[in-house]
Amino acid sequence: MVRPVSSLVATAFGKASADNRAALVGYLPAGFPTVEGAIEAARAMAAAGADILEIGLPYSDPLIDGPVIAEAVHRALTAGTRVADVLRTVEAVAAAGVPALVMTYWNPVDRYGVRAFARDLAQAGGAGLITPDLSPEEAGPWLDASDEHRLDRVFLAAPSSTDQRLATITKACRGFVYAASLMGITGTREAVSGQAEGLVQRIRPHTDLPVAVGLGVSNGAQAAQVAAFADGVIVGSAFVRRLLDAADAAGTAGTAAGTDAVAELAAELSGALRRARS
């Protein structure tokens, strides 16, 4: 099996580590509030300090997404967002100089064709996939395609994962390991899960890859807390909430306000991560 020469995502984590800080990984779904609006918001997040961006592929039955992301994804689907729009968003983010991972459930990739999806993602400049509902045991076609097209692959580890399971998950990962801080759906929380640090500590012996924590981080104080024990902080619902609030307040005219709002949050989180270890 051919291994990639380098990983765009691992390089971004390396740059953050060289700056003595955790990396900021931000999530937005493609197509919300519009395809162009999502592109502008993603570019603004990158300019404001996001090191890596997850671009969500809208899906009709989101399994781990809480009400905030589910609502935005529903609106994107209703507006007619397609895989081509996701790839166009990835291309725009990559052109801005930030690695773009597609966050997707497996069925759309399977329907598209695994090799074809990997090819088209690579041609768009994408860094790889985050696949929350794909297990390593069932990922053979994706492992092969990602090697062929030099793409990163990120699987999720949960607090319930056994040590044997963590070994299997981390072996299949490339780019980073996604540590889900709690059992449940996405969404902002008043406090970071107490399970997060223990999970990161349990992952460490199995891999040299960076470990990023997601689910529940929504502000600078929480980001700084996670940065004390993780290599990266993943924020999704808090960004999407900013776009939803702007859209609900002003309709499509709220696109500019939403873009400003996500940039403001990215700057807050990035600043907190830079101060956390100083």
Working to the nearest 0.5 angstrom, can you tell me the gap between [X] [atom1] and [Y] [atom2]?
X: R241; Y: L265; atom1: CZ; atom2: CG; result: 13.0 Å
X: Q201; Y: F229; atom1: CD; atom2: CZ; result: 8.5 Å
X: E54; Y: T104; atom1: CD; atom2: OG1; result: 11.5 Å
X: L53; Y: R43; atom1: CG; atom2: CZ; result: 12.0 Å
X: L87; Y: I55; atom1: CG; atom2: CD1; result: 11.0 Å
X: I203; Y: S161; atom1: CD1; atom2: OG; result: 7.5 Å

Does the side chain of [Y] come within less than 4.5 Å of [X]'s, by heavy atoms?
X: V233; Y: V25; result: no
X: R165; Y: S135; result: yes
X: R174; Y: V154; result: no
X: S218; Y: V235; result: no
X: P108; Y: R111; result: no
X: Y178; Y: I169; result: no
X: V177; Y: P210; result: no
X: T81; Y: R75; result: no

Give the cluster check for L57 versus I39: same hydrophobic cluster or not, with ILVMFWY residues linked at side-chain heavy-atom distances below 4.5 Å. no

Kindly work out whether a path of hydrophobic side-chain contacts (I/L/V/M/F/W/Y, heavy atoms less than 4.5 Å apart) joins L24 to M103. yes

Any idea which heavy atoms bring [X] and [Y] closest together, and the distance?
X: P33; Y: A38; result: CD-N, 4.2 Å
X: A263; Y: A48; result: O-CB, 3.3 Å
X: A44; Y: T259; result: CB-CG2, 3.5 Å
X: F155; Y: C173; result: N-SG, 3.4 Å
X: A227; Y: A22; result: CB-CB, 3.8 Å

Does the ring center of F13 lie less than 6.0 Å from the ring center of F176? yes

Counting N and O atoms only, with roles assigned by atom type, does the side chain of [X] sit under 3.5 Å from a partner on the main chain of [Y], one being a donor and the other an acceptor?
X: D152; Y: S7; value: no
X: S270; Y: A266; value: no
X: T170; Y: L166; value: yes

Charged N to carboxylate O under 4.0 angstrom, [X] versus [Y]?
X: R202; Y: D163; result: yes
X: R21; Y: D231; result: no
X: E137; Y: K171; result: no
X: D19; Y: K15; result: no
X: E91; Y: R88; result: no

Residues 113-132, side-chain donor-acceptor partners within the protein, below 3.5 Å, at least two apart:
{"from": "R115", "atom 1": "NH1", "to": "E148", "atom 2": "OE1", "distance (Å)": "3.1"}
{"from": "R115", "atom 1": "NH2", "to": "E148", "atom 2": "OE1", "distance (Å)": "3.0"}
{"from": "R115", "atom 1": "NH2", "to": "E148", "atom 2": "OE2", "distance (Å)": "3.2"}
{"from": "D120", "atom 1": "OD2", "to": "Y112", "atom 2": "OH", "distance (Å)": "2.4"}

Around atom NE2 of H74, are there more than 12 heavy atoms of other residues, nucleotides or ligands at under 6.0 Å? no

Using only heavy-atom distances, determine whether the side chains of Q164 and T168 contain a donor-acceptor pair under 3.5 Å. no

Does a donor on one side chain and an acceptor on the other come within less than 3.5 Å for R153 and S146? yes

Kindly state each residue pair satisfying salt bridge (Lys or Arg N to Asp or Glu O under 4.0 Å) with at least one member in residues 261-270, sequence neighbours excluded. R242-E264

